[in-house]
Each structure stands twice: as structure tokens, then as C-alpha cells.
Amino acid sequence: PKEPTVLERQVTQPVEQNLKGLPMACDFGTKKNSKGVKETWVGYKRHISTTDGDLPVSALLTSASLYDSQVAIPLMQITSARIPYGYDLADAAYCSEVIREASRSQGRVPLIDHHPRAGKKRPFEPHEAERYKIRSQVERTHSLLKDAQGGRQIRVRGAPKVYTHLMFGILVIAAEPIMRLLS
């Protein structure tokens with residue numbers, strides 16, 4: 001029998017076991033930027049789940065080399081334990097039928113951009129495309145963390161210290177939408 005993939009195992013495992021399976025070592029990460037140029041860095045990768053209104057709900061820190069899609073299911077598990085929500089919005093890095101099915105099985109609508117690996121890109125329905133525009137809020141949260149809260153240049157070593165540094169930044173970012181809600 002075929003060995004189940006990481007995503008297929010994550011669907012059947014509890015969140016604690018999924019989190020233990022994520023690598024936390026400092027290593028090299030490579031990603032293409034918006035202009036298609038490869039950028040390489042040494043360190044970690046942060047993953048954030050936000051609500052409408054730019055309120056961060058969940059955040060994880062992993063090795064820089066980890067594929068984004070391998071964090072989707074644990075992040076969904078953490079977020080759904082904290083708040084009820086109806087949509088899972090994600091970019092093409094999270095394009096996987098396993099992730100879509102995991103979202104549907106929890107009663108949510110997966111709005112995950114299609115990655116045209118083998119063929120033509122599947123477009124969203126018009127109402128889905130309108131809802132998907134809100135995904136830019138998580139990009140705004142990442143940008144705030146990097147540019148305004150010191151997430152671009154971290155001067156500590158070790159995953160626990162880096163995670164603590166980033167979480168203080170996320171705490172500050174979360175304070176603004178909470179204050180808007182209270183006023």
C-alpha cells in the first residue's frame with residue numbers, strides 16, 4: 001500500500017501531533033518574490049491566520065524550508081478551536097485537494113487559489129473571487145510584522161526566542177483592531 005502523504009496524515013491526527021511533526025530548525029528558505037526573482041534567507045518562516053479586520057488569530061513558526069501547504073491543516077485546527085469561521089482563504093502555495101477537503105469536512109468553504117501545475121488555472125466563481133479579495137488582509141499583517149514590528153531583522157537565536165519576538169509584534173498588531181472594535 002502507498003504511504004500516506006504528510007497532508008493525508010495531518011487530517012487524521014490531533015493538532016498536538018501535527019505541531020510536533022513540523023520542523024523548527026533554522027535553515028535556508030527560498031521563495032520567488034512578486035517579480036519572479038528568487039530570494040533566499042536563513043532562518044524561519046511565520047504562518048499567520050487572521051480574521052476580517054486584520055485581527056491575527058493563530059500564528060506558527062517553522063523552518064524556512066518547509067512547504068507552506070504543510071502548515072495549512074495544523075493552522076486550521078488551531079484557528080477553529082479558537083473561533084468559528086466560514087472560509088479558508090489561501091494563496092496558490094496551499095493548493096491541494098486534501099486541504100480543500102479538510103476545510104469542507106469542517107463545514108467551511110475553501111477559497112484556495114489554484115496553482116496551474118499541469119494545465120490551465122481554474123478561476124474562482126464571481127462571488128468567490130469577491131470574497132477572496134479579503135485575503136490581502138493577511139498579507140497586510142505580514143507586512144506590518146516585518147516593517148513596523150521588527151520581524152524583518154531579528155537579533156535573537158533559537159526558535160523559542162524568535163517565536164516570542166514575533167508574538168510580541170503580533171500582540172501589538174492585534175491591539176489596533178481590538179481597540180477599533182471597542183470604540
Nearest 0.5 Å, what's the CG-OG distance between Leu89 and Ser103?
9.5 Å
What distance do Asp147 atom CG and His142 atom NE2 have between them, rounded to the nearest 0.5 Å?
12.5 Å
Determine, for Arg104 against Glu101, whether the closest basic-nitrogen to carboxylate-oxygen distance falls under 4.0 angstrom.
yes
Rounded at 0.5 Å granularity, tell me how far NE2 in His114 sits from CZ in Phe124.
10.0 Å
All ring pair (Phe, Tyr, Trp, His ring centres under 6.0 Å) counterparts of Phe168, not counting sequence neighbours:
none
Rounding to 0.5 Å, atoms OG1 (Thr30) and CH2 (Trp41) come to a distance of 6.5 Å
Any salt bridge between Arg131 and Asp52, counting N to O under 4.0 Å?
yes
Is a side-chain N or O of Gln77 found less than 3.5 angstrom from the main chain of Gln13, in a donor-acceptor match?
yes
Side chains of Glu39 and Asn33: do they bring a donor and an acceptor to under 3.5 Å?
yes
Donor-acceptor pair, distance only, cut-off 3.5 Å: does the side chain of Arg100 make one with the backbone of Ile112?
yes
Minimum heavy-atom distance Ser58-Leu75, with the two atoms named:
CB-CD1, 3.8 Å
Side-chain donor or acceptor of His165 paired with backbone N/O of Gly150 under 3.5 Å
yes
State plainly whether one hydrophobic cluster holds both Val109 and Val11, where clusters connect Ile, Leu, Val, Met, Phe, Trp and Tyr through side-chain heavy atoms under 4.5 angstrom apart.
no
Does the Ser63 side chain pair with the main chain of Ser65, one donor and one acceptor, at a distance under 3.5 Å?
no
Side-chain donor or acceptor of Tyr132 paired with backbone N/O of Ala90 under 3.5 Å:
yes
Glu139/Arg135 salt bridge by N-O under 4.0 Å criterion:
yes
Carefully, step by step, assess Leu61 and Met167 under the rule side chain to side chain contact (heavy atoms under 4.5 Å, CB included).
CA-CA 10 Å; Leu61 184 77; Met167 290 309 290; over 6 Å; no
For the pair Arg180 and Glu176, evaluate salt bridge (charged side-chain N to carboxylate O under 4.0 Å, His left out) and give the outcome as yes or no after the intermediate values.
CA-CA 6 Å; Arg180 276 195 312 250; Glu176 185 181 355; 3.5 Å; yes
Report the distance from atom CD1 of Ile83 to atom CG of Leu55, rounding to the nearest 0.5 Å.
7.5 Å
Between Asp88 and Ile99, is a side chain to side chain contact (heavy atoms under 4.5 Å, CB included) present by the stated rule, with each step listed?
CA-CA 10 Å; Asp88 283 311; Ile99 296 171; over 6 Å; no
Which pair of non-hydrogen atoms, one from Pro56 and one from Ile170, has the smallest distance, and what is that distance?
CB-CG2, 3.6 Å
Check: Glu8 side chain, Thr5 main-chain N or O, donor-acceptor pair, under 3.5 Å
yes
On a heavy-atom basis, which atom in Pro74 and which in Val15 lie closest, and how many Å separate them?
O-CG2, 4.0 Å
Can you name the nearest heavy-atom pair linking Thr62 to Met24, along with the distance?
CA-SD, 4.1 Å
Just wondering, do Asp68 and Lys31 contact through their side chains at under 4.5 Å, heavy atoms?
yes
Electrostatic pair Lys121-Asp113, nearest N-O below 4.0 angstrom
yes
For the backbone of Met76 and the side chain of Thr79, can you confirm whether one donor and one acceptor N or O come within less than 3.5 Å of each other?
no
The test is side chain to side chain contact (heavy atoms under 4.5 Å, CB included); show your working for Arg46 and Lys146 and say whether it passes.
CA-CA 11 Å; Arg46 74 197 163 288; Lys146 286 191 297 190; 3.0 Å; yes
At what distance, to the nearest 0.5 angstrom, does CZ of Arg152 lie from OG of Ser143?
7.5 Å
Check whether any side-chain N or O of Glu128 sits under 3.5 Å from a backbone N or O of Leu111 as a donor-acceptor pair, and report yes or no.
no
Sole candidate of Ile73, Leu19, Val57 that passes side chain to side chain contact (heavy atoms under 4.5 Å, CB included) when paired with Ile78
Leu19
How far apart are the C-alpha atoms of Gln149 and Leu144, what are their side-chain angles, what is the distance that settles it, and do they pass the side chain to side chain contact (heavy atoms under 4.5 Å, CB included) test?
CA-CA 7 Å; Gln149 301 305 324; Leu144 278 171; 5.6 Å; no
Whether the side chain of Tyr85 engages the backbone of Thr51 through a donor-acceptor N/O pair (distance < 3.5 Å, no angle test) should be reported.
no
